[in-house]
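Because the structure is predicted, anything quoted here is derived from the model rather than measured.
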Amino acid sequence: MKRLLEIFGIFFKIGLFTIGGGYAMLPIIQKEVVESKGWMTDEEFLDAISLTNSLPGPLATNSATFVGYRVARVPGAVAAVLGAATPSVIIILLIAMVFTNIIDYPVVQNAFNGVRPAVVALILYAVVKLAKSAKVGEYFNWLVALAGFAAIAVFGLHPIVVVVCAALYGIFIRNSVVKAVDAGKAKKEGK
C-alpha cells in the first residue's frame with residue numbers, strides 16, 4: 001500500500017505541475033522515475049516512451065500506466081493514472097465552478113502567454129534528453145531521426161507509419177549498418 005501511495009503521489013505531483021500536455025511531462029517523469037526513484041534506467045525510460053508514444057491515447061496517461069505497471073503491476077498502473085489525472089480533474093472542476101469565461105480575463109491570458117515559452121523549453125529539454133538516451137549521434141541514428149521528422153513535418157506522414165518504418169529499419173537494417181561502421185572503424189585503426 002505504501003508503494004501505491006508513493007506512485008500516486010509522484011504522478012499527482014507531475015500532473016499538478018505540468019502544463020502543456022504529455023511532452024511537457026516527459027522531463028519531470030524522467031527525473032522522478034529514473035533519477036530520483038531509480039525505477040528505470042534512461043534506456044528503459046526511452047523504450048517506454050517510444051512504446052507509449054506509439055499507442056492510442058494521451059502520452060501522459062500511457063506513460064503513467066506503463067511506469068506504474070512496471071513498478072507495482074496493475075495496482076501500480078491504476079495508482080499512477082489516477083495520480084496523473086486527478087490534478088487536472090480537480091483544476092477543471094474548480095475552474096468550472098468558480099470562473100465562467102476565465103480565459104477572457106487579461107490576467108489569465110497573460111499567464112498563458114508567459115507559460116507557453118516555458119512549455120516549449122520543457123519539450124525541448126525532453127527532446128535533448130531523449131536524443132542522448134537514444135544515442136542519436138551514433139550509427140546514423142540522426143539520419144533516422146531527421147527522416148522521421150521530415151516525414152511527419154514536411155510530408156504529412158502519420159506518426160504511426162514513421163514508428164513502424166523505424167521499427168522495420170531497426171529489425172532488418174540497423175544491425176548491418178552497425179557492423180559495417182564498426183568494421184570500417186576497425187579497418188581505419190589498423191586492427
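Taking CD1 of Ile10 as the start and CG of Leu5 as the end, the distance is 11.5 Å to the nearest 0.5 Å. From Glu35, atom CD reaches atom CD of Gln30 across 4.5 Å, with rounding to the nearest 0.5 Å. Note that the CZ atom of Phe11 and the CG atom of Leu82 stand 12.0 Å from one another [nearest 0.5 Å].
Contact check for Met40 versus Phe66: side-chain heavy atoms found under the 4.5 Å cut-off. The closest side-chain heavy-atom distance from Tyr23 to Asn53 is below 4.5 Å.
Panel note: side chain Asp42, backbone Ser133; no donor-acceptor pair is recorded below 3.5 Å. Asn110 contributes a side-chain N or O that, together with a main-chain N or O of Pro106, makes up a donor-acceptor pair within less than 3.5 Å.
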* Check step by step if side chain to side chain contact (heavy atoms under 4.5 Å, CB included) holds for Ile173 and Phe140. => CA-CA 11 Å; Ile173 300 171; Phe140 299 101; over 6 Å; no
* To do: Take Ile91 and Leu16 through the side chain to side chain contact (heavy atoms under 4.5 Å, CB included) test and state the conclusion after the steps.
  => CA-CA 9 Å; Ile91 291 167; Leu16 186 61; 4.2 Å; yes
* Assess whether side chain to side chain contact (heavy atoms under 4.5 Å, CB included) is satisfied between Met25 and Leu59, documenting all intermediate values. => CA-CA 9 Å; Met25 283 181 152; Leu59 177 63; over 6 Å; no
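Of all heavy-atom pairs spanning Gly76 and Ile7, the tightest one is O-CG2, 3.6 Å. In this structure, Ala80 and Gly68 approach most closely via the heavy-atom pair CB-CA, 3.9 Å. Across all their heavy atoms, Arg3 and Ala72 have their closest contact at CG-CB, 4.3 Å. Taking all atoms of both residues into account, the shortest heavy-atom contact from Ala84 to Pro87 is O-CD, 3.6 Å. Summarising the geometry of Ala134 relative to Asn141, their closest heavy-atom pair is O-ND2, 3.4 Å, with the distance given to 0.1 Å. Of all heavy-atom pairs between Val34 and Thr41, the closest is CG2-O, 3.8 Å.
Under the 4.5 Å side-chain heavy-atom criterion for Ile, Leu, Val, Met, Phe, Trp and Tyr, Leu168 and Phe149 are members of distinct hydrophobic clusters. Cluster membership check: Val71 shares its hydrophobic cluster with Ile49, using side-chain heavy-atom separations under 4.5 Å among Ile, Leu, Val, Met, Phe, Trp and Tyr. Phe112 and Val107 end up in the same hydrophobic cluster when Ile, Leu, Val, Met, Phe, Trp and Tyr side chains are linked at under 4.5 Å. With hydrophobic clusters built from ILVMFWY side chains whose heavy atoms lie under 4.5 angstrom apart, Val161 does not share a cluster with Ile171. Grouping the Ile, Leu, Val, Met, Phe, Trp and Tyr side chains by contacts below 4.5 angstrom, directly or via other members, places Leu46 apart from Val163.
With Ile90 as reference, Thr86 is the one residue of Leu93, Ile92, Thr86 to meet the side-chain contact (heavy atoms from CB on, under 4.5 Å) rule.
Atom OH of Tyr169 sits in a crowded spot, with more than 12 heavy atoms from other residues, nucleotides or ligands closer than 6.0 Å.
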